[in-house]
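Accompanying notes for the structure given below.
Quick note on labels: first sequence line is chain A, next is B, and so on, each numbered from 1.
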Amino acid sequence: MSLTLIICEKNIAARRIAYILSDGNYKRGRIAGIPYYSFNNHIVIGLKGHIMKLDYPEEYSKWNDIAPKNLIDVKPVKKILSPSIARALKEIAKDVKKVIIATDYDREGELIGVEVLELLPKNVEIKRARFSAITPYEIKKAFENLGSVDYNLSKSAEARQYIDLIWGASLTRFISISSNQLGKDFLSVGRVQTPTLALIVEKEKEIKNFIPKPYWIIKLSMQKNGIIFEIKSDKIEDEKEAKKIYEKIKKEGYAIVKKFQKKTIKERPPYPFDTTTFLKDASYLGFSASNAMKMAEELYMNGCISYPRTDNTVYPPLPFDSILKKLEKIMPSDIEEVRKMRRSKPVRGKKIAHDHPPIHPVDACKVDEDHRKIYELIVRRFLATISKDAVIEEKNVEMAVKNHLFKGKGTIIVEKNWRKIYPYYKMKESNIPDMEENEKVKIVTSKLKKDETKPPKRYTQGSLIVEMEKLGLGTKSTRHEIIGKLYRRNYIRGKRISPSPAGVAVTEALKKGAEIITKPDMTAALEKEMGEIAEGKKTFEEVVEESKKILRDAFKILEGRKEIIAKEIKEALNKQNYFGKCPNCGGNLIMRKSKYGKRFIGCSNYPDCKTTYPLPQKGAVFFEGEYCECGAPIITVIYKGKKWKKCVANCN
DNA sequence: GCAAGGTC
């Protein structure tokens, strides 16, 4: 018997492909605990993404045994990530004559396929199926037109792995060892995480250096036909000028209409959910990116929504009617509304990818509270994208008082349509009456208001993910994990994200010695080089060697600055670990770790002063200079997106 | 105990 083995990137893809190729007549089985699907001398098996991982050989795993910079020239080895999958593949391969790689049609997918080949005997025939959607048409076409594996493409992905590992491992160890942050408290560095951290550090700097500029605005409260509305002057930067104008106009009883415009605007619904936009809106609902992603993954695993990792904002043909029919069971009145306001074609976003559809519901589900919020967001987004445009009426007026110009604006939603079903995007409505040119309108009151320009806003997890995507940092699958990592390392804190002292110190230290790792440019350059490997213009060896050279040069500078770097990071950590003055002896209270790894607060005069306080073991804790009535410091705790303050002595 | 990338 000669078998054909079809390898997919994940189990769900394997099942669907088996279903399509066998016209529904496949059998399920398990081997080494891994599910597979068989029909007519074919076996389809799904992996769990990469089955190999690049890492340093065991003997280099002790950080003190080798100087970090020497890691650059150690050859990493491939290690098996999932022994059970490797066993299953080897078992099946015994009877296999032909292998078809049917992993995702992208760079990492090509490498995942090649990883499998390394586990299989060399005498099998190897083919590659390329498809950009798991639909019967695409799949059948791909399997009728099999190609061969693109080793240049897989090599380009290997170059990325290699470069990420040598830069990440060597710099992580260098920074951690020089600042003596070892064990669980190590300080990490990476091609994606460090530029992301630098964005946050940079934003904080902008906020700190921001000098607010005062300005004045004259606001007039107007009345016509019983409608009260507001018009205002432009910003006036000079106080004297503002007062002069105000004095001149404040006793006036009327303003004269110079221009009046009324227009009706059709407002399209928001485009279908890709991962980035989904996480942005979930962030608005108070979900951290990691938590939102976890909820979405669980909803996907339970068959409630489509695959949650996608860059696509354009629906392929979907069974819209049957999805609506399913959803009717759980939200009948909403679905009735949507039926009444269906648009002829769903809206499309700008980004099109063909591997996965935009995130949408696939079935009606009843789930617990946290999942429900995420599920409802996804369902409502889907419904909005197939609903009619909202209709907005916008009025703009310019009025003059003694030759000084004032502007007013009114916005009213005439027909809510998609806004009815997707209430997360709020719009401020304000009404102004219709007016005609040269008409006199009554001024009710006038005010001169002082205000000032505002500093830029800190990132939220949502806006940070949007920015990362814009800069090409990370992927749809990794961005939320990168942000989670920065929190876990205590580099960043808060919902409105700010850097910790250590986050700032590590960024600054790297900027002065290895600036490239702190910028998105490194990813951009790597993308370009990977493209060249894929096109056969450069070899893996050339690209890796070039990268190694840049890293060696960076180490020359870093090694020279080692003492300063150590001092700066240690000072930052001291600041981070300082929790105020000891109420018993006046010494410094410091966050320490017990020998079991639990954190607590102790006095710097230990053992003479034995003052200690317990700390919560989870979340971020820090001191903002406040003390409780009992004399003990008040700490700020951030955990699971919530922030609160408490007396460290628990005196209440 | 290092990275980032897949996926569970």
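- As judged by a 4.0 angstrom heavy-atom cut-off over every strand, A/Gly474 is placed among residues touching the sugar-phosphate backbone only.
- Within 4.0 Å (heavy atoms only), A/Leu81 reaches at least one base atom of the nucleic acid.
- Backbone-only engagement by A/Arg489 is indicated by non-hydrogen atom pairs under 4.0 Å involving sugar-phosphate atoms exclusively.
- Both tests hold for A/Lys10 against A/Tyr307: distance to the six-membered ring centre under 6.0 Å, angle to the ring axis within 45°.
- Among the atoms of the strands shown, only primed sugar atoms or phosphate atoms (P, OP1, OP2) are found under 4.0 Å from some heavy atom of A/Tyr307.
- When heavy atoms are screened at a 4.0 angstrom cut-off, A/Thr475 is found touching the sugar-phosphate backbone but no base atom.
- Heavy atoms of A/Leu182 sit under 4.0 angstrom from at least one base atom.
- For the pair A/Lys155 and A/Phe540, the distance from NZ or CZ to the six-membered ring centre is under 6.0 Å and the angle to the ring normal is within 45 degrees.
- Note on A/Ile166: nothing from the nucleic acid sits closer than 4.0 angstrom, heavy atoms only.
- Ranked by how close their nearest DNA chain B nucleotide is to the 5' end, A/Ala169 and A/Glu9 are led by A/Ala169.
- A cation-pi arrangement is not found for A/Lys27 relative to A/Phe39, the charged atom failing to lie both closer than 6.0 Å to the ring centre and inside a 45° cone about the ring normal.
- Residue-level contact check: A/Arg173 touches the bases, meaning some heavy atom is under 4.0 Å from a base atom.
- Taking the ring axis of A/Tyr36 as reference, the NZ or CZ atom of A/Arg28 does not stay both within 45° of it and closer than 6.0 Å to the ring centre.
- Under a 3.5 Å cut-off, the side chain of A/Asp185 and the backbone N or O of A/Gln181 do not form any donor-acceptor pair.
- Using a 4.0 Å heavy-atom cutoff across all strands shown, A/Lys476 reaches no nucleic acid atom at all.
- Nucleic acid contact for A/Asp55: base, since at least one base atom lies under 4.0 Å from a heavy atom of the residue.
- Looking at heavy-atom distances under 4.0 Å, A/Gln193 makes contact with sugar-phosphate atoms alone, never a base.
- Note that the first and last nucleotides of DNA chain B, 5' to 3', having any atom under 4.0 angstrom from a heavy atom of chain A are B/dG1 to B/dC8.
- Within 4.0 Å of A/Ser61, counting heavy atoms only, lies at least one base atom of the nucleic acid.
- Checked against the 6.0 Å centroid threshold, A/Phe273 and A/Phe382 do not count as a close aromatic pair.
- Each of A/Thr478 and A/Lys62 was assigned the nucleotide of DNA chain B with the nearest heavy atom; the assignment lying further toward the 5' end belongs to A/Lys62.
- You'll find the ring centres of A/Phe131 and A/Tyr105 outside the 6.0 Å limit.
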